[in-house]
Amino acid sequence: MDINLWEVVWVVFTAALFAAYLAFLFVVLVDIFRNESLSGWSRALWVVLLVLLPLLASLAYLFAHGQTMALRNIRGSRADPGTAAAPTPDPTAQVASANELLRQGAITQEEFERLKRHSLQQASGTLPTGAAPRTPTG
């Protein structure tokens, strides 16, 4: 069996082209369901066309909805304000809250010291923001 370099290059090229084609079909399919201007039946028709005539249907969808497709893609890639990272807690407020719990008898002096040390470490940057204070394992 004799395989030359050009056959390998051709196989790699066609595999990459096929992967790009599948990615394009996937992007079109996702956009069909993102498109708020399409009714349910229109979406069903586009999906059926994508299954029966994938290249022709995807190009037709691109020509029909290409401009708004780009806008939906940009809008969909922006970070959702509801999923923004939680603000860094104020160490002074954390210590005050722990002090109030200590006064109420909800925590011990040792737990108060641990919470205070944890919030100060977090404020100084020596502890990650999401890390929880260590509890003694009995």
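Numbering of residues begins at 1 and proceeds along the displayed sequence. From a predicted model like this one, the values you see are computed outputs, not experimental measurements.
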| note | One should read off an interatomic distance between Glu7 CD and Asp2 CG, to the nearest 0.5 angstrom, of 7.5 Å
| Closest contact, heavy atoms only, Phe33 versus Leu29 | CD1-O, 3.2 Å
| field | Check: Trp10 main-chain N/O paired with Thr14 side-chain donor or acceptor under 3.5 Å | value | yes
| task | Work out which heavy atom in Leu102 is nearest to a heavy atom in Gln109; give both atom names and the distance. | result | CD2-OE1, 3.3 Å
| task | Output the distance between atom NE2 (His118) and atom CD (Gln122), rounded to the nearest 0.5 Å. | result | 5.0 Å
| Criterion side chain to side chain contact (heavy atoms under 4.5 Å, CB included) on Tyr61 and Leu50, from CA distance to verdict | CA-CA 9 Å; Tyr61 184 84; Leu50 270 178; over 6 Å; no
| Within 6.0 angstrom of Tyr21 OH, more than 12 heavy atoms from elsewhere | yes
| request: Please name the pair of heavy atoms, one in Phe112 and one in Val95, separated by the smallest distance, quoted to 0.1 Å. | output: CE1-O, 3.9 Å
| message | How close do Val27 and Met69 get, counting heavy atoms only, and between which atoms? | response | CG1-CE, 3.6 Å
| request: Answer yes or no: are there more than 12 heavy-atom neighbours, outside Glu36 itself, under 6.0 Å from its atom CD? | output: no
| Counting N and O atoms only, with roles assigned by atom type, does the side chain of Asp31 sit under 3.5 Å from a partner on the main chain of Arg34, one being a donor and the other an acceptor? | no
| message | Do Leu59 and Val47 sit in one hydrophobic cluster, given that two such residues count as connected whenever their side-chain heavy atoms are within less than 4.5 Å of each other, even indirectly? | response | yes
| remark: In terms of heavy-atom contacts, Ser119 and Gln94 come closest through CB-OE1, 2.8 Å
| said: Let's go through His65 and Ile32 carefully: what are the C-alpha distance in whole Å and the side-chain angles of both, what is the deciding distance for side chain to side chain contact (heavy atoms under 4.5 Å, CB included) to 0.1 Å, and is it a yes or a no? | reply: CA-CA 9 Å; His65 300 279; Ile32 287 172; over 6 Å; no
| query | Does Trp41 belong to the same Ile/Leu/Val/Met/Phe/Trp/Tyr cluster as Trp46, with side-chain heavy atoms less than 4.5 Å apart forming each link? | reply | no
| query | In terms of hydrophobic clustering (I, L, V, M, F, W, Y; side-chain heavy atoms under 4.5 Å; direct or indirect links), are Val48 and Leu56 co-clustered? | reply | yes
| request: Check Leu25 against Pro54 and note the closest heavy-atom contact, atom names and distance. | output: CD2-O, 3.7 Å
| task | Using a 4.5 Å cut-off on heavy atoms from C-beta on, say whether the side chain of Leu62 contacts that of Phe24. | result | yes
| said: Any side-chain to backbone donor/acceptor pair from Gln104 onto Leu101? Under 3.5 Å, distance only. | reply: no
